[in-house]
Amino acid sequence: PDLLASFGCQLTVFRGQEKEFASMEDVKNETRKTIDNIISMTKSNKEIGVIIGPHGEYITIVDEMGNILSNDDISAILCISYLKFKNEKIINIPVTSSMILDEIAYSYGGKVIRISSKIRSPENIDDIFLNNTAGRYPYLEKDYDPMITFLIILEFLALENITLYELKKKLPKSDIVRISIPCTVDEKAAIMRYLTINTDTSSKVEMIDGVRIIKDKAWVLILPDASQPLLHLYAESKDIKLRDQILEEYSLKIKKFKISS
């Protein structure tokens with residue numbers, strides 16, 4: 001609260017009580033109740049709502065009309081802020097991120113570099129919040145220090161003289177869908193090899209994390225789960241029909257391979 005007050009924010013603070021031996025179900029119910037309370041208050045008072053984790057390790061942001069910002073919303077706002085006001089040219093995002101971030105970067109003369117979602121500390125970078133030749137890492141900044149991320153968003157709203165609700169409405173909408181397919185550890189490796197070798201030559205293939213295939217203005221990412229016996233499939237396109245087609249195509253390929261192997 002003191003930090004936000006020093007930035008000129010007028011605060012109404014709710015102090016949540018953590019139960020020492022709360023069950024996972026209790027935590028979920030309490031979190032849901034807290035979110036509902038914040039949403040109700042933001043809509044009533046036309047204020048921004050923020051829920052901060054017990055040790056500041058996560059943050060949920062709610063606009064003035066009670067809409068919760070997604071991770072892509074937050075990344076998009078940070079990208080615009082860096083490209084427009086910080087003269088950044090390179091934005092690093094995980095392979096699972098929406099292509100709307102590519103469009104935003106391009107519109108401001110920048111570019112997106114897709115990197116592994118497993119990276120938690122980029123090489124040769126002492127402080128990810130400082131300018132450096134490797135560009136910015138919006139998703140890591142949110143994980144490292146959610147409060148600084150929130151302050152950057154407040155700064156951007158002030159510079160643009162816009163409400164968070166109005167800004168969220170202007171952001172391009174992401175249409176990423178995700179499904180999971182059960183498979184064994186041995187099947188994971190075999191499927192990855194199969195897809196790498198048997199992908200249409202007209203498609204572009206990237207192997208940063210798993211296998212990402214770009215085809216006909218749509219993309220699908222097949223990403224093995226690090227610990228569970230699952231393959232996660234992400235797909236996106238501005239054309240919902242194309243998105244669903246590429247997702248179904250590679251889902252069937254995987255299922256047929258599993259049956260035949």
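For reference, positions follow the sequence shown, starting with 1. Since we're looking at a predicted model, the values are computed, not measured.
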Practice task
Output yes when a side-chain donor or acceptor of S40 lies under 3.5 Å from a complementary backbone atom of D36, and no otherwise.
Solution key: no
Handout entry: Heavy-atom donor-acceptor pair, E47 side chain to M41 backbone, under 3.5 Å
Key = no
Any side-chain heavy atom of [X] sitting closer than 4.5 Å to one from [Y]?
| X | Y | result |
| --- | --- | --- |
| L154 | I48 | yes |
| D63 | T42 | no |
| M147 | L4 | yes |
| V95 | Y234 | no |
| E187 | L231 | no |
| R114 | M99 | yes |
| I77 | L157 | no |

Exercise for the section: Flag yes if more than 12 heavy atoms outside K43 fall under 6.0 Å of its NZ atom; otherwise flag no. Expected result: no
Problem - Crowding at OH, Y106 (>12 non-hydrogen neighbours, <6.0 Å) - result: no
Exercise for the section: Hey, can you tell me if Y137 and Y139 have their rings parallel, tilted or perpendicular (30° and 60° cut-offs)? Expected result: tilted
Problem - Among I90, I93, N92, side chain to side chain contact (heavy atoms under 4.5 Å, CB included) partner for V112 - result: I93
Handout entry: Salt bridge K170-E166, side-chain N to carboxylate O under 4.0 Å
Key = no
Practice task
Give a yes or no on whether a salt bridge exists between D73 and K168, defined as a side-chain N under 4.0 angstrom from a carboxylate O.
Solution key: yes
Problem - N71 side chain to K142 side chain, donor-acceptor N/O pair below 3.5 angstrom - result: yes
